[in-house]
There are 4 protein chains.
Amino acid sequence: MSKIDKKQAILDTALTLFVSQGFYATSTASIAKTAGVATGTLFHHFASKNELMNYLFLNIKQELATEIQSKSSNKGELQLDAEHLWNVAIDWAIANPLKQEFFQQYSMSPSIAAEIRQQAMTGILSFMGELITHGQKTGILANYPLSLMLEGCHGQYLAATRYFLDHPDKWQDVTHKQASFSMFWNAMKT
Amino acid sequence: MSKIDKKQAILDTALTLFVSQGFYATSTASIAKTAGVATGTLFHHFASKNELMNYLFLNIKQELATEIQSKSSNKGELQLDAEHLWNVAIDWAIANPLKQEFFQQYSMSPSIAAEIRQQAMTGILSFMGELITHGQKTGILANYPLSLMLEGCHGQYLAATRYFLDHPDKWQDVTHKQASFSMFWNAMKT
Amino acid sequence: MSKIDKKQAILDTALTLFVSQGFYATSTASIAKTAGVATGTLFHHFASKNELMNYLFLNIKQELATEIQSKSSNKGELQLDAEHLWNVAIDWAIANPLKQEFFQQYSMSPSIAAEIRQQAMTGILSFMGELITHGQKTGILANYPLSLMLEGCHGQYLAATRYFLDHPDKWQDVTHKQASFSMFWNAMKT
Amino acid sequence: MSKIDKKQAILDTALTLFVSQGFYATSTASIAKTAGVATGTLFHHFASKNELMNYLFLNIKQELATEIQSKSSNKGELQLDAEHLWNVAIDWAIANPLKQEFFQQYSMSPSIAAEIRQQAMTGILSFMGELITHGQKTGILANYPLSLMLEGCHGQYLAATRYFLDHPDKWQDVTHKQASFSMFWNAMKT
DNA sequence: TATGAATGAGCGTTCATTCAT
DNA sequence: GATGAATGAACGCTCATTCAT
């Protein structure tokens with residue numbers, strides 16, 4: 001197993017165990033053992049258990065952000081672009097249930113330092129902010145306070161993905177995906 | 001200090017410390033010490049740290065449910081009743097910031113057994129479910145899946161209270177009050 | 001329940017629990033609860049858990065001693081008297097399996113202060129010592145050191161009762177009872 | 001101190017403290033401290049205090065078994081072989097008073113799981129069983145039930161070693177040596 | 001780089017005992 | 001005498017982290 005393989009094995013194992021057992025119930029020893037490396041090896045790659053968690057959190061947030069931005073459409077019509085974005089984000093969640101569950105559990109958890117969460121949130125939602133501001137200027141979106149709308153977006157996304165995680169049979173059903181987008185969109189539109 | 005006082009002191013202290021430090025970072029010893037009782041006393045009232053947490057969670061959920069139901073209006077027009085309910089719920093959050101922060105952190109956390117969270121959610125949201133079903137029958141609310149809408153409500157509530165907790169001065173402003181309800185209502189209406 | 005009933009209930013319960021769970025694994029709270037009294041009541045009757053244990057131990061030893069001495073024969077022929085004594089002792093063990101198991105576990109245990117065990121042992125074996133000395137004087141028993149023979153008697157008794165406790169179906173079989181006496185007697189006779 | 005040294009130091013210390021204070025009165029912290037290691041080190045080598053106890057018990061039983069079997073004579077005459085075996089076993093007890101005292105206290109104690117005691121007993125006494133069976137077939141030993149005789153052997157051994165541990169000067173005296181064997185042998189012979 | 005034995009502060013929990021009622 | 005809530009020292013055990021190899 002190469003160096004990079006070991007680091008990745010640690011990250012993969014940590015994700016799985018943090019989600020299934022929780023951060024505090026997962027010992028670094030169990031991560032190392034499950035990943036097939038020695039306890040000391042974990043600490044060569046990550047200075048501490050907290051740093052491993054932070055790295056993992058930012059890593060996954062970045063993965064979602066990259067996915068969304070790489071697949072974003074720009075047809076000029078806000079609602080269509082937003083619907084495309086929403087579908088990409090929901091599809092990612094469905095394709096990565098472990099990572100989505102990780103967000104559900106740790107987005108608000110004190111296991112991750114507030115500053116790290118803030119950093120991730122503003123990073124990933126920066127283009128959301130721009131999109132909303134643009135929509136307000138053109139009169140398509142309601143003139144509610146920006147941070148209220150951002151909180152609303154985040155909440156709607158967590159709620160929708162929670163629904164799809166709890167009802168995996170509904171993934172294929174385009175009706176439900178549209179329903180979730182309607183709730184998201186109607187909440188914000190003029 | 002009477003028997004009931006001690007149990008309540010433990011609950012009050014646990015709420016404060018769980019919110020400010022997190023469940024795992026709060027030792028039972030520190031709860032007892034801060035509450036002014038012996039460590040053994042905590043375990044005399046609660047079989048374990050987890051049971052204390054579950055009791056606290058259900059207790060606060062019940063408090064909110066009682067508040068909402070005792071102050072509910074029934075004017076016969078769904079939107080007016082919903083707005084009243086929304087205002088009561090947000091008012092409670094503003095008046096009980098610690099308890100609201102507790103929900104933010106622990107509503108999705110593995111620190112509370114899934115079964116307890118489920119129990120609380122169905123208990124407290126049971127009248128929400130009835131309200132939504134009623135609205136759908138009368139054609140006022142959209143016919144999305146019930147659990148998707150319930151998740152949405154919960155998400156919107158957490159998002160709105162997060163906003164108002166972060167911007168306490170905004171709750172006086174009737175514009176913001178109405179804005180938060182509009183997002184909530186528009187997401188669900190036909 | 002009268003005062004004496006409560007004390008006796010505590011003793012009976014303690015015997016059962018000490019045997020089934022061990023002295024240290026049995027809390028005074030569980031004794032009190034099982035006996036149907038309050039925790040404080042136990043400490044009205046016994047100054048401490050250790051004193052309860054000592055009282056119980058001496059009580060049971062005394063019960064066996066009384067049984068043996070009240071039923072002793074004195075036909076003048078040592079072997080017949082010894083066999084009678086042996087049978088009475090074995091019968092008592094069979095009739096009181098809990099108390100016999102108690103001896104098995106605690107005769108050598110540090111849960112009972114050495115001085116208490118010594119006191120019980122010399123008390124109950126005092127007539128055994130006299131019996132052996134008499135047998136040696138009349139040439140019927142071998143002239144081994146007295147304390148070696150007393151240890152041997154005690155060991156044989158524990159071994160024989162252990163056998164009967166482990167094979168309850170053999171109680172009725174007079175052959176086995178005779179076998180156990182033969183081993184006991186032959187070890188000591190000239 | 002090497003790895004093996006630490007494990008052995010823990011075992012040696014545990015033996016000493018378990019014998020002098022009892023299993024429950026000996027804390028793992030005191031074992032570690034006395035052995036000169038950290039508390040965590042004890043649990044690195046033994047999963048629990050109970051496992052340490054079981055390991056210790058089986059270890060010492062095995063040591064005695066190995067001693068007896070490595071020094072066993074096979075002259076073909078049962079009584080001579082038995083006397084040799086007896087002397088070796090008693091010699092070992094005299095040479096290892098701590099370990100013998102450990103047997104006195106824990107052979108019947110609930111501090112050691114019944115299954116472990118059973119395992120040790122059948123393991124160490126397996127050759128005793130064979131020896132007795134052989135003696136019965138050749139008519140030299142009495143036809144008492146095997147397990148009754150095994151219990152008797154065990155009891156006699158504990159009784160004899162208790163005597164010699166209490167009177168260490170007597171083991172030099174060939175008379176006492178022979179006396180103890182005579183009691184053991186006469187109990188079993190035809 | 002990788003290892004895993006060693007560390008020891010800190011944890012949740014227990015329980016014999018006390019004492020106000 | 002009887003009660004049971006309260007006590008707090010002490011327990012077995014965990015685990016993030018270190019470091020000699």
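In the text below, chain A, chain B and the rest are named by the order of the sequence lines, each starting its count at 1.
Atom-to-atom, CD1 of C:I10 to C1' of F:dG1 comes out at 12 Å; the value is rounded to the nearest Å. The separation between D:L52 atom CG and F:dG12 atom P is 11 Å, rounded to whole Å. Atom CG of D:L42 is separated from atom P of F:dC13 by 9 Å (rounded to the nearest Å). Here the P atom of nucleotide F:dA10 and the CD atom of D:Q21 are 14 Å apart, to the nearest Å. Rounded to whole Å, the distance from NZ on B:K7 to P on F:dG4 is 17 Å. Atom C1' of nucleotide E:dT13 and atom CD1 of B:I31 are separated by 13 Å, given to the nearest angstrom. Taking atom CG of residue D:L17 and atom P of nucleotide F:dC11, one finds them 12 Å apart after rounding to whole Å. For A:E51 and F:dA16, the CD to C1' distance is 14 Å, given to the nearest whole Å.
No donor-acceptor pair closer than 3.5 Å links the side chain of C:K61 to the backbone N or O of C:Q119. Remark: the backbone N or O of A:G22 is not paired with any side-chain donor or acceptor of A:Q105 at under 3.5 angstrom. Without hydrogens or angle criteria, B:T34 side chain to B:S30 main chain gives a donor-acceptor distance under 3.5 Å. No side-chain donor-acceptor contact under 3.5 Å links B:R162 to the backbone of B:Q104. A:Y106 contributes no side-chain N or O that, together with a main-chain N or O of A:M53, makes up a donor-acceptor pair within less than 3.5 Å.
Within the 4.5 Å cutoff, the side chain of C:N50 has heavy atoms near those of the C:F23 side chain. For the pair A:S107/B:M108, no side-chain contact is recorded, criterion being any heavy-atom separation below 4.5 Å from C-beta on. Side-chain contact check for C:T28 versus C:T39: every heavy-atom pair is 4.5 Å or farther apart.
Remark: C:H45 is in phosphate contact with F:dA2, judged by side-chain N or O atoms under 4.0 Å from OP1 or OP2. Between A:K6 and E:dT3 there is a side-chain polar atom (N or O) within less than 4.0 angstrom of OP1 or OP2. Dashed line: the shortest gap from a side-chain N or O of C:K33 to OP1 or OP2 of F:dG4 is not under 4.0 Å.
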Per-nucleotide protein contact string for nucleotides 15-21 of chain E, where B marks a base within reach and S marks sugar-phosphate only (heavy atoms under 4.0 Å, - for neither): -BBB---
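No side-chain donor-acceptor contact under 3.5 Å links A:E63 and A:N59.
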Nucleotide pairing, DNA chain E (Watson-Crick or G-U, distances under 3.5 Å), in dot-bracket with [ ] and |: .||||||||||||||||||||
